[in-house]
Colleague: 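Structure provided below as structure tokens; questions to follow.
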Amino acid sequence: MIEIRHVSKRFGAQVVLDGVDLTVQDGETLALLGPSGTGKSVLLKAIIGLIRPDRGEIIVDGQHVAKLKHGALSKLRATIGYVFQNGALFDSMDVFENIRLGLTDEQQFNDMTYAHERASECLRLVNLNPDVSKKMPADLSGGMRKRVGIARAIAGKPKYVLYDEPTSGLDPVNSDIIDALMTRLKDELGVTSIMVTHDVRGSFRTADRIALLTGGKIVAIGPPDEFKESEVPEVRAFLERDFDLAPL
Amino acid sequence: MDPLWAVGQFAGMVLDMVRGLADVKVWLPRTVDESWRIGVGSLFIVLLISSFTGGVTALQAGYQFTGNIPIYVVGSLVTESVVLELGPVLVGLILAGRIGARYAAELGTMRVTEQIDALESLGRAPSSYLLIPRVLACLLMIPVLVVIADFVAVGTGWIMAKSTLGISNQDFAYGARVYWHPLDGWYSVIKGFFFAGAISLISCYRGFTTKQGAEGVGRSTTGAVVTSSILILLLDVVLAKLILKPK
């Protein structure tokens, strides 16, 4: 379970998170919606300890992330797969080596036969041909890099997966494949996921609950049907794109 | 940036590296690769600069001293100037540009494209994968490059002195030996070692703490070269003061 309690974070004068409270149950998929620049990615990075909140606490599996020592934090991170917005592939390594690094169990990491099999399996899961494993990241398109990033995140069979805009920049077919993959991970392996996204359609299809983060706070949270009917003005504005354009 | 904050961050990075030394299986193969890359990759520029340095030192020594003092002094001057000062300092400054800029740009790009975050998110220590191999490779290879530069510069100085000043091999060799102390060679290597530490640690730190995209990478790269060059010059003075005692 992931518990986020009164988490605040500011960068200089800009308050990004202002007392965020959120709990994600085991096996749940939560979609975190919100306008750009409202701290959704910051919240994901805080969960994995890449950013330290100014106030509040984040507890994963009963462990306070900010209080964990180096080794314990590495162990916790090994249970969490993180899908970066732009893939964040290591450009000095080929696709296989990138995915192999996702094998957080050292025995599996050192077993090259298993590593090759697992890399091929993960590539197929994200609709990529296993032959891609020999390519360098620079030889891949943006969408392919993103999918390799997802393959790397799930290679170690993590308990949690944090997705930072998993389907942005993907064509509709591949977006649907990633949505289906998230559903399979939840249904077959009981993976707990938090998905930061702007893809409203996809989040309604895959998430158990949807939250809207705006103004540094979670202003609405609930199951998709409930969220769709919410009367919270920010939710209505977000779903109906109810904004005024400034005159040219 | 607050200087105190920067010192704290630098100390944190060094502490992480000390902690990462336990991951021998991770850093050892990468250190070997990196040593090969910077050693072989820097050889051409080191040979070029050292051969010109040796040659010019011999020419200038001849211009200043022939006719006034014994010709063998050219041998002493070339050898001592190269080994004590020109070899290590010029190699240090050139490598601050070549290796320092590369490390800062590589790590800076990895930082702004979230590759370092990705490594951390996979429960792997960036210090073992990225920092320790780079620092150890510099500590191993830069002193070796300094020794090569010393030999090549003295050699080209010898050839130049012989061909333009007419000095005999015996005179040059006598001159090279007469003021030579065993410490001189070690002093050159020690300087190479300290310069390697300055180049690698500063450039890794600047790259590792890069912010704000391409502009930040540019700033880190320039900062790494300038800071490590200044540090090389400061270390040059400090080491001379500490190690070279007048007899």
Side-chain angles (χ1 to χ4, degrees), chain A residues 11-12 41-42 44-51 65 68-93 97-106 109-110 137-138 145-146 148-150 152-156 158 160-165, chain B residues 1-2 5 8-9 12-26 28-30 33-34 36-38 102-103 105-131 133-134 137 207-214 216-217:
Chain A
F11 294 103
S41 300
V42 171
L44 278 198
K45 285 188 174 172
I47 292 171
I48 202 165
L50 292 173
I51 289 178
V65 176
L68 287 178
K69 294 234 185 305
H70 208 264
L73 183 59
S74 291
K75 273 189 191 156
L76 178 69
R77 282 171 173 166
T79 66
I80 304 174
Y82 195 111
V83 177
F84 286 83
Q85 205 170 339
N86 296 310
L89 301 182
F90 307 116
D91 46 24
S92 59
M93 300 177 189
E97 282 298 334
N98 265 281
I99 297 175
R100 184 172 164 238
L101 272 179
L103 297 171
T104 46
D105 179 302
E106 281 308 299
F109 178 79
N110 293 319
R145 275 203 290 271
K146 174 151 267 177
V148 172
I150 296 172
R152 182 178 67 188
I154 61 171
Y160 301 96
V161 183
L162 309 178
Y163 300 89
D164 195 352
E165 302 197 14
Chain B
M1 190 194 282
D2 179 1
W5 170 255
Q9 252 189 334
M13 184 190 83
V14 174
L15 195 69
D16 270 349
M17 285 171 58
V18 172
R19 221 185 268 133
L21 282 172
D23 285 339
V24 183
K25 279 205 299 197
V26 173
L28 188 61
R30 287 171 175 80
D33 288 348
E34 193 58 42
W36 177 259
R37 204 179 312 165
I38 66 165
R102 203 189 98 200
Y103 283 0
E106 274 177 2
L107 294 173
T109 305
M110 289 187 78
R111 174 60 80 193
V112 299
T113 56
E114 295 183 310
Q115 290 178 53
I116 295 177
D117 284 348
L119 205 52
E120 285 191 75
S121 78
L122 294 167
R124 303 188 181 274
S127 58
S128 310
Y129 278 83
L130 303 172
L131 303 180
R134 283 172 168 81
F208 214 66
T209 53
T210 299
K211 285 179 182 151
Q212 295 165 346
V217 175

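Proteins come first, then strands; the chains are lettered A, B, ... in the order of their sequence lines, and each starts at number 1.
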Colleague: Taking all heavy atoms of B:R124 and all of A:T104, pick out the closest pair and write down the distance.
Modeller: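 Taking every non-hydrogen atom into account, NH2-CA, 4.0 Å.
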Colleague: For residues A:R152 and B:L122, determine if any side-chain heavy atom of one lies less than 4.5 Å from a side-chain heavy atom of the other.
Modeller: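 Sidechains of B:L122 and A:R152: in contact.
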Colleague: Could you pull out the closest heavy-atom pair between A:A88 and B:A118, with the gap in Å?
Modeller: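 Heavy atoms only, the tightest pair is O-CB, 3.7 Å.
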Colleague: Does any heavy atom of chain B fall under 4.5 Å from the side chain of A:I80, the backbone, both, or neither of them?
Modeller: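 Just its backbone gets close to chain B.
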Colleague: Given side chains that start at C-beta, do those of B:D117 and A:Y82 come closer than 4.5 Å, heavy atoms only?
Modeller: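 Side-chain contact under 4.5 Å: no.
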Colleague: Quick one: CE on B:M110 to CZ on A:F90, what's the gap to the nearest 0.5 Å?
Modeller: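 Rounded to the nearest 0.5 Å, the CE-CZ separation comes to 6.0 Å.
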Colleague: A:N110 versus chain B, heavy atoms under 4.5 Å apart: side chain, backbone, both or neither?
Modeller: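 It is the side chain, since no backbone atom gets that close.
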Colleague: Heavy-atom distances under 4.5 Å only: say whether A:L73 touches chain B with side chain, backbone, both or neither.
Modeller: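 Interface part for A:L73: neither.
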Colleague: Looking only at heavy atoms and a cut-off of under 4.5 Å, which of B:L119, B:D16, B:I116, B:T113 has the most pairs with chain A?
Modeller: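 Greatest number of close heavy-atom pairs with chain A: B:L119.
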Colleague: Sort B:S121 into side chain, backbone, both or neither according to what part of it lies under 4.5 angstrom from a heavy atom of chain A.
Modeller: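 When you check distances to chain A, atoms from both the backbone and side chain of B:S121 fall under 4.5 Å.
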Colleague: Quick one: what part of A:L76 sits under 4.5 Å from any heavy atom of chain B, side chain, backbone, both or neither?
Modeller: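 No part of it gets close to chain B.
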Colleague: Is a salt bridge present between A:K45 and B:E114, judged by a nitrogen-to-oxygen distance below 4.0 Å?
Modeller: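 Here A:K45 pairs with B:E114 in a salt bridge, since their nearest N and O are under 4.0 Å apart.
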